[in-house]
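Convention: sequence-line order gives letters A, B, ...; per-chain numbering from 1. Excluded from the calculations below are hydrogen atoms, water molecules and symmetry mates; all remaining heavy atoms, backbone and side chain alike, are included.
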Amino acid sequence: MLNLYNTLTAQVEEFHPLENNHVRMYVCGPTVYDYAHIGNFRTFLFADLLRRYLKFKGYELTHVMNITDIEDKIIKRASEEGSDFREFTTKYINLFFEDWDALGLERPEQIIRATDCVDDMIEIIKRLDANGLTYQSEGSTYYRIAGFDGYGKLSKINFEGNIAGGSERVDADEYEKENVRDFVLWKAAKPGEPSWETEIGAGRPGWHIECSAMSMKALGETFDIHAGGIDLVFPHHENEIAQSEGATGKPFVKYWVHSEFLLAEGEKMSKSKGNYYTVRGLVDQGFSHRAIRYMLLSAQHLKQFNFTLEGLRGAETTVARLQDFRLRLREAKCNPGSNPAMPVLSKRALARFEAALDDDLNVAEALAAIHDFVREVNIALADGTIKDDDQQEMLSVVTKFDTVFNIFGDARQEMLDDEIQALVDERQVARKAKNFARSDEIRNLLAEKGIILEDTKDGVRWKRK
RNA sequence: GGUCGCUUGGCCGAGCGGAUGCAGGCAGUGGAUUGCAAAUCCAUUUACACAGGUUCGAUUCCUGUAGCGACCUCCA
């Protein structure tokens, strides 16, 4: 049984889908005005892990993600570039999914652009209006939070002792509002900005309305899981609840799950501090996507996690070890038959793996189960105690682990080109003849070409640096 | 100003009131293995921020201090 910490109830709860075996999940996606950074991807990788684990548990899944493609920064940057905002955002959406795919995330069943759902937003605003939860001011439409009883139930903010704008992040662009915490649903059109002609006037969507519209359109008025970064709890998700429940009168989401912030070199990532990392920036430095994936997944989502380059170097080694392991296991020449000790070993590893992830996605413990399994199988491979049938079973265990983590890499062995193969063969001949001078010479030569050799009892193996 | 979280060995990170594992990974060191390597395996170095308190016993609970971080309408 999967247990998850639910921000709404502030406790760990057993997960039960609302509808039989079908899980409906919504994840707040990117705002596309720049390259995504690794902090963004921590959240998406967390959602990917949850997604994959739900499927591992046998649930059917409908996972929806939005793309925010209309917003102040987008408008500003697009106009600085002199491009249409739609073209501008399309460019960054494509770049975003290049990173997404390279990091081995599965695509959600539906990906929706905010600007493709303007009609749905208007419908919700009209319903809110009918329920007396909106008011107009200077051409914009606002949400009146005083009219919604449950306001604050997610973030549990004590509004009494709080100073609106106390965070120094004051919005300079203030409109006339009845209450400082009221938020805009529909912003009045301004000259030079994109806008839509609608029943409630010309304008563009507020930040929060898109997620209510898209999630309910794709998943229904009540669904199972809503995920996102911790910073979205307030005000974004609080306001989504106000909008959705204010419109429908039904509970919006059963389980709210949030991932904590990623720190870099011990501090909040920021461009000015020089600890700001993008996926492609790290790849340019020679790091692999798989190591980045491993690293960002290696700490539980409710913990702040400190990203360091040293740690990433370590992840690189770890991930190479896992890939080596899978390859070695696949290629091992085992004797026929089976060893009854082996299934015991894999059952124990899988049980530990699942128990760990059931415990609010304790990835550290799940990875420990994987690493211990790898070591135990390495020993069995060296001893020759692993037989043909076991080999297949062990490989399928690895595959099971990997459906959730996707960190072992591709076990397919590519072919060497003829010239290199000839060198490898020549070296084998030299070794048989105990001509080690020539043998080492060839090994060094291949190393320069980026080919690392391993002499094993089953023959020579090679891999690329 | 209000609310909250974290602090574990060189680094990243689990975990628990003491009885058979002071996880796991990375780095280092020593060893096994290897023609030598690589890979693998084995061993291993003052670990639980600081000061009090509760307890027979605390790294694990409580209080305070310090540092770091989060939210209080840009933010994953």
Student: Within the 4.0 Å heavy-atom criterion, would you say A:Asp455 contacts the bases, only the backbone, or no part of the nucleic acid?
Tutor: base

Student: Could you tell me the separation between the NZ atom of A:Lys434 and the P atom of B:U34, rounded to a whole number of Å?
Tutor: 12 Å

Student: Please report the interatomic distance NE2(A:His289) to CZ(A:Phe287), rounded to the nearest 0.5 Å.
Tutor: 12.5 Å

Student: Can you tell me how far P in B:C42 sits from the matching atom in B:U59, rounded to whole Å?
Tutor: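 The answer is 30 Å between these two P atoms.
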
Student: Can you measure A:Arg443 atom CZ to B:A39 atom P for me and round it to whole angstrom units?
Tutor: 11 Å

Student: Determine whether any donor atom in the side chain of A:Asp440 lies under 3.5 Å from an acceptor atom in the base of B:G35, or the reverse, and answer yes or no.
Tutor: yes

Student: Answer yes or no: does a side-chain N or O of A:Asn362 lie under 4.0 Å from OP1 or OP2 of B:G15?
Tutor: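 Answer is yes, contact under 4.0 Å.
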
Student: Any N or O donor-acceptor pair linking the side chain of A:Arg321 to the base of B:G25 at under 3.5 Å?
Tutor: no

Student: Checking only heavy atoms, does the side chain of A:Arg42 share a donor-acceptor pair with the base of B:A76 at less than 3.5 Å?
Tutor: no

Student: What distance, rounded to whole Å, do you find between the two P atoms, one in B:G10 and one in B:A58?
Tutor: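 Approximately 24 Å lies between the P atom of B:G10 and that of B:A58.
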
Student: Watson-Crick or G-U wobble partner for B:A23, using a 3.5 Å limit on both distances?
Tutor: none

Student: Rounding to an integer number of Å, can you tell me how far A:Glu265 CD sits from B:G69 C1'?
Tutor: 16 Å

Student: What distance, rounded to whole Å, do you find between the two P atoms, one in B:C61 and one in B:G67?
Tutor: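 Their P atoms lie roughly 23 Å apart.
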
Student: Counting only N and O atoms by type, is there a donor-acceptor contact under 3.5 Å from the side chain of A:Arg51 to the main-chain atoms of A:Pro108?
Tutor: no

Student: Roughly how many Å apart are B:G31 and B:A49, using the P atom of each and rounding to a whole number?
Tutor: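 After rounding to an integer number of Å, I get 35 Å for this pair.
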
Student: In the strands shown, is B:A49 matched to any nucleotide by a Watson-Crick or G-U wobble pair with both distances under 3.5 Å, and which?
Tutor: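 The base-pairing partner of B:A49, which may sit in any strand shown, is B:U65.
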
Student: Is there a donor in the side chain of A:Asp69 and an acceptor in the side chain of A:Tyr92, or the other way round, less than 3.5 Å apart?
Tutor: no

Student: Within the modelled atom types, does a donor on one side and an acceptor on the other bring the side chain of A:Asp231 and the base of B:C72 under 3.5 Å apart?
Tutor: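 Under the 3.5 Å cut-off, the side chain and the base do not form any donor-acceptor pair.
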
Student: If you assign A:Ser298 and A:Arg352 each to the RNA chain B nucleotide with the nearest heavy atom, which residue ends up on the more 5' nucleotide?
Tutor: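 On the 5' side of the pair lies A:Ser298.
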
Student: Nearest whole angstrom, please: distance from the P of B:G5 to the CG of A:Leu302.
Tutor: 13 Å

Student: Tell me the partner of B:G17, counting only Watson-Crick (N1-N3 plus N6-O4 or O6-N4) or G-U wobble (N1-O2 and O6-N3) with both under 3.5 Å; none if nothing fits.
Tutor: none

Student: Assess whether atom NZ of A:Lys76 is packed by more than 12 heavy atoms of other residues, nucleotides or ligands within 6.0 Å.
Tutor: no

Student: Say whether A:Glu240 and A:His226, considering side chains only, have a donor N or O and an acceptor N or O under 3.5 Å apart.
Tutor: yes

Student: Say you pick atom C1' in B:G21 and the same atom in B:A43; how far apart are they, in whole Å?
Tutor: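 One C1' to the other, the span is 16 Å.
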
Student: Which one is paired to B:U3, where only Watson-Crick or G-U wobble pairs with both distances under 3.5 angstrom count?
Tutor: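 Check on B:U3: paired to B:A70, both distances under 3.5 Å.
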
Student: To the nearest Å, how far apart are A:Ile379 CD1 and B:U40 P?
Tutor: 12 Å

Student: Quickly work out the A:Gln300 CD to B:C6 C1' distance and round it to whole Å.
Tutor: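 These atoms are roughly 13 Å apart.
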
Student: Does any donor-acceptor pair link the side chain of A:Arg375 with the base of B:C41 at a separation under 3.5 Å?
Tutor: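 For A:Arg375, whose side chain was compared with the base of B:C41, there is no donor-acceptor pair (under 3.5 Å).
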
Student: For A:Asp458, is the CG atom crowded, meaning more than 12 foreign heavy atoms sit under 6.0 Å from it?
Tutor: yes

Student: Considering heavy-atom distances to RNA chain B, does A:Phe436 or A:Tyr294 have its closest nucleotide positioned more toward the 5' end?
Tutor: A:Tyr294

Student: Between B:U65 and B:A23, how far apart are the two C1' atoms, rounded to whole Å?
Tutor: 31 Å

Student: Is it true that a side-chain atom of A:Glu13 and a backbone atom of A:Tyr5 form a donor plus acceptor pair closer than 3.5 Å?
Tutor: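 Side chain of A:Glu13 to backbone of A:Tyr5: no pair is present.
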
Student: In whole Å, what is the span from the CG atom of A:Asn378 to the C1' atom of B:U33?
Tutor: 14 Å

Student: Take the protein atom CD of A:Glu267 and the nucleotide atom P of B:G69, then report the distance between them rounded to whole Å.
Tutor: 5 Å

Student: Determine the interatomic distance between P on B:C6 and the same-named atom on B:G15; round to the nearest Å.
Tutor: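 Their P atoms lie roughly 12 Å apart.
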
Student: Hunt down the Watson-Crick or G-U wobble partner of B:A32, both distances under 3.5 Å, from any strand shown, or write none.
Tutor: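 For B:A32, the partner nucleotide comes out as B:U40, under the 3.5 Å rule.
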
Student: Check the phosphate of B:A70 against A:Lys268, side-chain N and O only, distance under 4.0 Å to OP1 or OP2. Yes or no?
Tutor: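 For B:A70, OP1 or OP2 has a side-chain N or O of A:Lys268 closer than 4.0 Å.
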
Student: Should A:Thr456 be listed as having a side-chain N or O under 4.0 Å from OP1 or OP2 of B:A38?
Tutor: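 Checking B:A38 against A:Thr456, no side-chain N or O comes under 4.0 Å of OP1 or OP2.
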
